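Residue numbers start at 1 and run along the sequence shown. All figures in this text were calculated on a predicted structure; none of them were measured in a lab.
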Amino acid sequence: MAEEADARVPVTVLTGFLGSGKTTLLNHILTAAHGKKLAIIENEFGEVGIDDALLAKNAKMQADEEIIEMMNGCICCTVRQDLIVVLNKLMKRIKSGKLKLDGIVIETTGMADPAPVAQTFFVDDDVKAAFVLDGIVTLIDAKHIEQHLDEEKPEGAENEAVEQVAFADRLLLNKTDLVSEEDLARVEGRLKALNSFAPILRCNRSQVSVDSVLGIKGFDLKRTLEMDPEFLNTDGEHEHDNTVSSLSVVQQGNVDLDLVQDWVSEILQTKGADIYRMKGVLAIEHAEAKFVYQAVHMIFNGNFEDEKWAPDEPRSSKLVFIGKNLDHAALKAGFAACAATSEAQEKKRKQLRFALGDKVVCNTGGGWQQGEVVKLMYRDEMMPPGMVAPYQVKLSSGGLIYAPSDSDDLIRKAGGEPDKRPVSRCATGPERAGGAASGAIAWRQPQLRGVTVCRPEGSCGLWAQYAVAKGGGAREQRLRPLAHASH
C-alpha cells in the first residue's frame, strides 16, 4: 500500500480570501528553480480571467508546466464536477506516458470553501486512485483577515474566511509589512484559536520557499473528520452570501490615464469597504506596455508590465470586481466614461485654467520663471507612459518645459495671486540641460484621492505599491522627482 500511495500524484490546494496573495505565490512557484513538473489548475470567481494572464508569462519559463483554467464560478460548488473532469483528463495522459507530473497545484477562488475541494480526493474513486491530497495551504492577508473573520453573514451562509483557516494544513501569514508586531501577534492568536494544528509562517509578497508549500504531507483525514464529521457527506448544503457578486468588464480600445485614476480613486474612497477584490489589465492611451493592477479594499497596487501590446494584438481592458452590494450598471458606466476619446480630450481641454498665449510663471525646480503657454495637452516620448501634460510652456529664457498637472504649485498666472485650492505635495527637481536654456517642472506625486498609494523611486508605473502602515500610521515613500525639459 505504501508503494501504491507513493505512486500517486500529490495535490496541493492553495486557498485564501480574495487578495491574500495566492496568484503571487503561484508566480513565485512558477519562476523558482525547484525542478518539479507541475500542473496548475486555476479557478476564478468572475466571468473574465485575469489571473491566467498574470500566470501565463511565467509559465512560459518552464515549458513542462501546464496552465489549466476553470472559469466562472466557485470551485466548491458548480465547478467541482469540472475539476473531476480535468483531473481524469490528466490521469489518462499520465497513464498513456504522454505526461509526467511531480505535482498539481489547485488555486481556488477567494470565495471558495476548501472542504468540498478536498472532499473530491476521497469520494471519487478514479481521482482517489490517481491523486493524493498533499495539503491545504491557506494565504492570510494580515491587514484584512480580522475584518473578514468578523463579518456577519446571512442566516445559513458560511463564512469562507473562517473555513479557509479551519481546514488549513499550513497558514502563510502574508503582507506582514502592512501591520504592526502587536497586530501580528493578535492575528496569530485568532488563527490558532480556529486551527491549533497548522503551522503559521510569516511572509511578505508571498515569498516563501517552495518546500513550505509543496510536498508537505500535511493533510490528515482522521483529524479533519474529528473537526468536521460531515466532511465526506457529499449531500451537505453549501451556501454562499448572496449579497456578494462578481462583475467582469471587457472594453475595447484605450482608456485615459487621468480619467481612470479619478474613477478608481472615487470607487476606493466611497466603496472600498465593500470591494473585496478588484483586478485588471488595462490598455492605457500613450503607453506601449500593459498596465496590471490589483486592489484589496482600499489598498491599490499596480504597474506597467514588461509585456507590451503586440502590433497585431487588439488593445482592450479587462476588469473584475468582487464585493458586496455591487452596483453593476454604475461600475460599467463609470469605466466606459474613462475611454480615451476625442470628446474626453476636448472636455479636459475646456477645463484648463490657461489658454494658448497666456503669460504664466512656472516652478522649474530652480525657482519660478516667466513663460508663455505654447501648447495644450502636450506629450512627448520622454514623458512617463500614459501621461499627457496640460501645458507646454516656452520660458522667457528660451527653454521649453511642460507642466505635468494644472495646479497652482507648478504653474500660475503671471502677476496673479496663487490659487488657494488644496493640492497634493509636489517634489522639485534639478534643471536638465537642453539647448540654450531650459528648466523642468517636477513630476507630482501620484495620489488617489482618499487613498494612500506610493510610487517607488525610479518607477514609471501609473500607480505603484501600497502605502506601508507601521505603528498605526501611514509611512509614505519619498519620491525621486521626475523632471523633464520638453523638446
Heavy atoms from other residues, nucleotides or ligands near [atom1] of [X] exceed 12 (cutoff 6.0 Å):
| X | atom1 | result |
| --- | --- | --- |
| Glu313 | CD | yes |
| Lys290 | NZ | yes |
| Lys332 | NZ | no |

Tell me whether [X] contacts the main-chain N or O of [Y] through its side chain, where contact means a donor paired with an acceptor under 3.5 Å.
| X | Y | value |
| --- | --- | --- |
| Asn303 | Glu305 | no |
| Gln164 | Phe17 | yes |
| Thr31 | Asn27 | yes |
| Arg8 | Ala129 | no |
| Arg315 | Ile284 | yes |
| Thr176 | Arg202 | no |
| Asn88 | Ile84 | yes |

Report yes or no: do [X] and [Y] form a side-chain donor-acceptor pair below 3.5 Å?
| X | Y | result |
| --- | --- | --- |
| Thr138 | Thr15 | no |
| Asp183 | Ser180 | yes |
| Ser407 | Asp409 | yes |
| Ser206 | Asn174 | yes |

In terms of the angle between their ring planes, are Phe304 and Phe291 parallel, tilted or perpendicular, with boundaries placed at 30° and 60°?
perpendicular

Classify the angle between the aromatic ring planes of His144 and His148 as parallel (below 30°), tilted (30 to 60°) or perpendicular (above 60°).
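Taking His148 first and then His144, their aromatic rings sit tilted (interplane angle of 30° to 60°).
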
If I take atom [atom1] from residue [X] and atom [atom2] from residue [Y], how far apart are they, to the nearest 0.5 angstrom?
| X | Y | atom1 | atom2 | value |
| --- | --- | --- | --- | --- |
| Phe131 | Leu101 | CZ | CG | 7.5 Å |
| Ile140 | Ile145 | CD1 | CD1 | 4.5 Å |
| Lys318 | Ser316 | NZ | OG | 6.0 Å |
| Leu173 | Asp141 | CG | CG | 9.0 Å |

Electrostatic pair Lys217-Asp134, nearest N-O below 4.0 angstrom:
no

From Leu214, Leu38, Thr12, Leu87, residue fulfilling side-chain contact (heavy atoms from CB on, under 4.5 Å) relative to Ile104:
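Among the candidates, only Leu87 passes.
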
When the aromatic ring centroids of Phe122 and Phe219 are compared, is their separation below 6.0 Å?
yes

Applying side chain to side chain contact (heavy atoms under 4.5 Å, CB included), run through Ile267 and Leu331 and close with a yes or a no.
CA-CA 9 Å; Ile267 290 174; Leu331 289 171; 3.8 Å; yes

